[in-house]
Amino acid sequence: MELKQVTVLLLVTLILPGCQGSVSLGATIFGITGAALYASFDKLRCTFYECCSPKSDWIKPNITALNNALDTHLHGQHLVRDVVSRALLGHLSNNDPAKALVMSFHGWTGGGKNYVAKFIAESIYKLGMRSQYVHIFVSTVHFPHEQQADIYKLHLQDWIRGNVSKCERSLFIFDEIDKMPLGMINGIKPFIDYHESIDKVDFRKSIFVFLSNTGGPDITREMLQLWRSGRKREEVSLKDLEHLVERGAFNEKGGLHKSELIQFSLVDHYVPFLPLERRHVELCAHDEIRRRGFTSSKELIKKVADELMYFPPENQLFSTTGCKKVAQKVSYIIANVQYDELFD
Ligand SMILES: *[C@@H]1O[C@H](CO)[C@@H](O)[C@H](O)[C@H]1NC(C)=O
Ligand SMILES: *[C@@H]1O[C@H](CO)[C@@H](O)[C@H](O)[C@H]1NC(C)=O
């Protein structure tokens with residue numbers, strides 16, 4: 001109902017009872033007006049404050065935007081782009097999904113796992129990571145004590161239930177899930193299982209993303225082998241890495257290890273992040289230099305890449321820290337360049 005109509009209704013309510021003395025008619029109209037006013041206020045509130053309503057534009061999933069972000073800012077992870085983009089499109093475009101979407105990201109440090117989680121949030125919520133519907137849990141920060149696992153588990157269940165009842169389209173990101181106290185993760189199971197609703201709360205539209213380094217060494221070993229046999233990185237397919245999932249490489253001790261999520265196949269997608277090569281680190285350096293407002297040059301990029309370490313020793317193929325330390329190294333190099341310009 002538009003504001004103008006509400007005003008007219010309001011005027012009618014004020015005038016009518018006086019003219020006809022009909023109290024009940026007045027009360028009825030007043031009731032209708034009240035509801036209309038409330039609806040308008042709600043709509044008005046949604047224009048200024050984030051709200052969950054699918055009619056407002058605070059939650060507007062945009063897969064094109066996600067693909068663009070991944071194409072421009074995520075380097076060396078062709079498998080990730082494909083899986084994540086397809087999985088989200090499938091889940092978001094289905095008005096009646098069978099269960100919550102659960103993706104588990106695995107791989108070497110600095111491969112871009114947190115980055116992709118951020119892009120997902122930005123492609124769904126106008127406020128991105130700042131949205132009140134995005135929840136991040138870092139195991140070492142939120143659940144540091146193994147012996148309190150039972151209490152954490154109850155809190156976490158309350159939070160998930162509370163937050164999803166506020167908004168069905170909620171995003172939960174669990175960082176360092178491999179460091180979560182043993183058994184705690186099973187507390188999430190009811191929410192991501194195939195239930196229509198639990199206590200009238202429907203969890204099927206929510207999204208869970210797990211991040212961990214588990215499987216990193218196995219992925220790397222596999223990539224080295226493929227590289228030695230002459231396979232191009234870009235030609236490696238998900239199928240080439242599938243046996244790692246079957247072998248349980250992504251579920252080594254901690255986190256998902258022995259969890260019911262695995263047992264009941266509740267994880268929809270295992271997403272392998274490949275170890276980054278020097279050329280990818282250089283792309284990250286290029287992005288970072290530009291982000292700081294400086295002109296990127298081959299020389300500057302080389303300086304940043306030289307600051308990092310590579311392995312294995314015989315061919316130095318992969319960066320030990322991926323793109324993780326690039327921002328820090330860029331700061332250091334730019335400061336050095338500025339120092340030389342000032343004092344040399
Ligand atoms: C989705 O994102 C793309 C790229 O950022 C933009 O051009 C497009 O207008 C967006 N679509 C909607 C419906 O907002
Ligand atoms: C939602 O989750 C946050 C943690 O991200 C928690 O602090 C808050 O209490 C939860 N809200 C509800 C209503 O449960």
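Fair warning: this is a prediction, and the values are worked out from it, not measured in the lab. Whatever order the structure lists them in is the order used to number ligands and atoms, beginning at 1. FYI, the numbering just counts along the sequence from 1.
The number of heavy-atom neighbours closer than 6.0 Å to CG of N95, taken from other residues, nucleotides and ligands shown, is 12 or below. Annotation: R86, atom CZ; neighbour count of heavy atoms from other residues, nucleotides and ligands within 6.0 Å does not exceed 12.
In this structure, W159 has its ring center closer than 6.0 angstrom to the ring center of F137. Ring-centre distance between F210 and F105: not below the 6.0 Å cut-off.
For residues 107-118, the side chain to side chain donor-acceptor pair (under 3.5 Å) pairs, not counting sequence neighbours, are K113-N213. Screening residues 319-333 for side chain to side chain donor-acceptor pair (under 3.5 Å) gives R292-S331 as the qualifying pairs, with residues at least two apart or on separate chains.
Protein residues having at least one heavy atom under 4.0 Å from any atom of ligand 2 are H135, D158, W159, G162, N163, listed by chain and number.
Annotation: side chain to side chain contact (heavy atoms under 4.5 Å, CB included) contacts of H286 (sequence neighbours excluded): R290, S296, I301.
Considering backbone and side-chain atoms together, N62 places an N or O closer than 3.5 Å to an N or O of ligand 1.
Within ligand 1, counting atoms from 1 as listed, the ones closer than 4.0 Å to a heavy atom of N68 are 4 (C).
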